> 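Shown below is the structure under consideration.
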Amino acid sequence: MALSLYNSLSRRLEVFEPEHPPVVRVYGCGPTIYGRAHIGNFRTFIAYDLLHRVLARKGWDVRFVVNFTDVDDKTIEGAAGADSSLSEYTEPFGNAFLDDVQTLGVVSFHATPRATDYVGDMVEWIRKLEERGLAYQAEDGSVYFRISSFPAYGRLSGSRVDGETGRSRIDADDYDKDDVRDFVLWKASRELDRKVGAVWDSPWGPGRPGWHLECSVLSIGALGNTLDIHMGGEDLLFPHHENEIAQSEGVTGETFARFWLHTKHLRVEGQKMSKSLGNTYTVEQLMEMGHSPAAIRHLLISAQYRKELNFTFEGLEGSARAVERLVALHRRLHEEAEAHDDADPTGLEALAESAVADFDAGLDDDLNSSEAMAALFVFLKETNAALDRSKGMARPEELEAARGALASMDSVLGILELALAESSVDDDLAAWVEDLIRQRAEARAGRDWDRADEIRDALTARGIVLEDTAQGTRWKQG
RNA sequence: GGCGCCGUGGCCAAGUGGUAAGGCAGAGGACUGCAAAUCCUUUAUCCCCGGUUCGAAUCCGGGCGGCGCCUCCA
């Protein structure tokens, strides 16, 4: 099984192998921590997570680094608006991001460096670019990258570099540049920068690093001159990633990233996400509305990262239902199904094997999570059917195979693990429910259906759903 | 204007040459004291028009419609 990934650089599917196995070096452009990250951001970060888990499943030693942009126009403006220093302003958002990402079951990244911790390295980097004739200081005091000296510029983004797009905006600063496409490496200090403490010394005077530079310096610093995979949202392809290549290869002379992966932007209720539409939901907001992290993750993973995905509340409800079915299967395999050495064969082992094979084939096809998820749900249905046929009994090794397949698939999707972690119930409630269930069992034993239903209705009113099974009555919060 | 993506059942969404995955919702049925859970059955002339082919949702041409990036944005 070979993993194929769509490489934006070649614009085609390519078989992925690490350059230096077993190590895989992956870098993903991270959040700008000027506010709470929204559901669209998390589509991308869950795609990172999926890649992370798939690479790890291949047995590779994955080094996944994601940066935090904590110095740029937005963070500076935010800090100034809040009357605080840059670091005071960004710190909580960085922490909130890590919380959110953990809430959604994203496996920890190996490092999450912040730009402001590496300004010295960035200055050094600019110096090297300058030595190679790739950077120059303009009259406004800022230092720019000289695109005309880097012939390979534009390889990633294609013809977008021809400049005459008719829509390129030119702000006042651009007046000082040699070429409108030249981008800033070092920004000379302005009043606002000084106000929030976003000022560092450099050979070109006080200033702050340009946004593009941090990704080159942080990724190479953490992972080396050549990355196996560089990932980011589709909006970053140009100019951000194009600029990263120029800055990086301009200094190292080596390929910066072998594979470039870009995630498609999320739509919400059929519309583009925007603050004016009020549809930039945060994880926190969705949870306050009663939506579970597992359902959110299910929905965000239900379409392949490169395809359009429309996030709707109807879809989120549907995802919640799908997650419930997964939980029910898990419980059935662990608690309800009985192991009997002399049970008739159920075919569970064969189902497990083909499900995992289909699942992996889906993921190998450019992380096609839709296909992978379909394999999981085919397995769910067929396993339930097999257990129904066998009256809930199976040989121990067959049950074990089914449990193993479910766990194996979920180790990549990470949905069930989230759902199971969520289902913590407080003891008082559990005691209350279980006492009523005992009373109801007595009523049912005496065929007092009115009393039994009365109890169940009381529980339903509190959001408790009962399931009578051969092994007794079980309950869940729904 | 430049580059690119998409149009599949009520909704979401796989499938890129061999006769339509999966999820949600709906309908009928089995099971159940009734439910719940589960299972079974059921819902698609794949935007339109031409072309290539023994054969196309899949390839080519044209059209219509939706969208993204090019500007801070995951």
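Throughout, a chain's letter reflects where its sequence line sits, starting with A, and its residues are numbered from 1. A quick note: this is a predicted structure, and the numbers were derived from the prediction, not measured.
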> Given the C1' atoms of B:rG66 and B:rU53, what is the spacing between them in whole Å?
31 Å
> Suppose we call a contact any N or O donor and acceptor under 3.5 Å apart; does that hold for the side chain of A:D453 and the base of B:rG33?
yes
> Could you let me know what B:rU41 is paired to, Watson-Crick or G-U wobble, both distances under 3.5 Å, or none if it's on its own?
B:rA27
> With a cut-off of under 6.0 Å to the ring centre and 45° to the axis, is A:R11 in cation-pi contact with A:W260?
no
> Measure from the side chain of A:A374, starting at C-beta and using heavy atoms only, and say which of B:rA74, B:rC72, B:rG22 lies closest.
B:rG22
> Within the structure, does a side-chain N or O atom of A:N368 lie under 4.0 Å from either OP1 or OP2 of B:rA21?
no
> Is B:rU16 paired to anything, Watson-Crick or G-U wobble with both distances less than 3.5 Å, and if yes, which nucleotide?
none
> Heavy atoms from C-beta onward define the side chain here; which of B:rC5, B:rA21, B:rA36 lies closest to that of A:K264?
B:rC5
> Quick one: the side chain of A:R456 and the base of B:rA35, do they pair up donor-acceptor inside 3.5 Å?
yes
> Given the C1' atoms of B:rC6 and B:rU19, what is the spacing between them in whole Å?
24 Å
> Which nucleotide, in any strand shown, forms a Watson-Crick or G-U wobble pair with B:rC3, with both distances under 3.5 Å?
B:rG68
> Could you tell me how far B:rC69 sits from B:rG26 if I compare only their C1' atoms? Round to whole Å.
39 Å
> Under 4.0 Å, counting only non-hydrogen atoms across every strand here, what does A:G232 touch: a base, just sugar-phosphate, or nothing?
sugar-phosphate
> Regarding A:H262 and A:S8, do their side chains bring together a donor and an acceptor under 3.5 Å, going by distance alone?
yes
> Please give the distance between the C1' atoms of B:rA36 and B:rA30 as a whole number of Å.
15 Å
> Can the ring centroids of A:Y48 and A:F64 be said to lie less than 6.0 angstrom from one another?
yes
> Hunt down the Watson-Crick or G-U wobble partner of B:rU52, both distances under 3.5 Å, from any strand shown, or write none.
none
> If you restrict it to nitrogen or oxygen atoms, what contacts under 3.5 Å exist between nucleotides 25-30 of chain B and the protein, and what is each distance?
none

> When the C1' atoms of B:rG33 and B:rU8 are considered, how many whole Å apart are they?
45 Å
> Roughly how many Å apart are B:rC60 and B:rU52, using the C1' atom of each and rounding to a whole number?
7 Å
> Is there a donor on the side chain of A:D73 or the base of B:rC73 sitting less than 3.5 Å from an acceptor on the other?
no
> In terms of side-chain geometry, is the basic nitrogen of A:R297 or A:D49 positioned less than 4.0 Å from the acidic oxygen of its partner?
yes
> Counting only side-chain nitrogens and oxygens, does A:K307 get under 4.0 Å of the OP1 or OP2 atom of B:rG4?
no
> Select base, sugar-phosphate, or nothing to describe what A:L387 touches, counting heavy atoms under 4.0 Å on all strands.
nothing
> I want to know whether A:F97 and A:F68 have ring centres closer than 6.0 Å.
yes
> Which listed nucleotide (B:rG68, B:rA14, B:rC72) is nearest to the side chain of A:S370?
B:rA14
> Please determine, for the side chain of A:E308, which listed nucleotide (B:rC3, B:rC67, B:rU38) has the closest atom?
B:rC67
> From C-beta outward on A:K381, which listed nucleotide comes closest to its side chain: B:rC34, B:rC39, B:rC3?
B:rC39
> Report which part of the nucleic acid A:E317 touches: base, sugar-phosphate, or nothing (heavy-atom distance under 4.0 Å, all strands).
nothing
> Go through B:rC73, B:rC12, B:rA14 for me and flag the one nearest to the A:N310 side chain.
B:rC12
> Flag as yes if A:H265 stacks onto the base of B:rA74 (centroids under 5.5 Å, planes under 30°), otherwise no.
yes
> Strictly below 4.0 Å: does A:R325 bring a side-chain N or O up to OP1 or OP2 of B:rU38?
yes
> Give A:R331 one of three labels, base, sugar-phosphate or nothing, depending on what nucleic acid heavy atoms sit under 4.0 Å from its own.
nothing
> Counting side-chain heavy atoms from C-beta on, which of B:rG33, B:rC39, B:rA37 comes nearest to A:R444?
B:rG33
> Mind checking A:T32 for me? I need base, sugar-phosphate or nothing, with any heavy atom below 4.0 Å counting as a touch.
sugar-phosphate
> Using a heavy-atom cut-off of under 4.0 Å over every strand shown, decide if A:L236 touches base, sugar-phosphate, or nothing.
sugar-phosphate
> Considering only side-chain heavy atoms of A:M273, which listed nucleotide, B:rC73, B:rA14, B:rA74, is closest?
B:rA74
> With C1' as the reference atom in both, quote the distance from B:rC40 to B:rC46 in angstrom, rounded to an integer.
27 Å
> Any side-chain heavy atom of A:L387 within less than 4.5 Å of one from A:L333?
yes
> Would A:S408 and A:R57 count as a side chain to side chain donor-acceptor pair (under 3.5 Å) here? Give the steps.
CA-CA 9 Å; A:S408 169; A:R57 185 178 180 80; 2.9 Å; yes
> Determine if A:F377 stacks with B:rG22; use a centre-to-centre distance below 5.5 Å and an interplanar angle below 30° as the criteria.
no
> Counting only Watson-Crick or G-U wobble pairs whose two distances fall under 3.5 Å, which nucleotide matches B:rC46?
none
> Would you indicate whether the side-chain heavy atoms of A:Y305 and A:S369 approach each other to under 4.5 Å?
no
> Regarding A:H262, tell me which of base, sugar-phosphate or nothing describes its non-hydrogen contacts under 4.0 Å with the strands shown.
nothing
> For the side chain of A:N384, counting heavy atoms from C-beta on, which of B:rA37, B:rC39, B:rG22 is nearest?
B:rC39
> Given B:rA74, B:rC39, B:rG68, identify the nucleotide with an atom nearest to the side chain of A:R267.
B:rG68
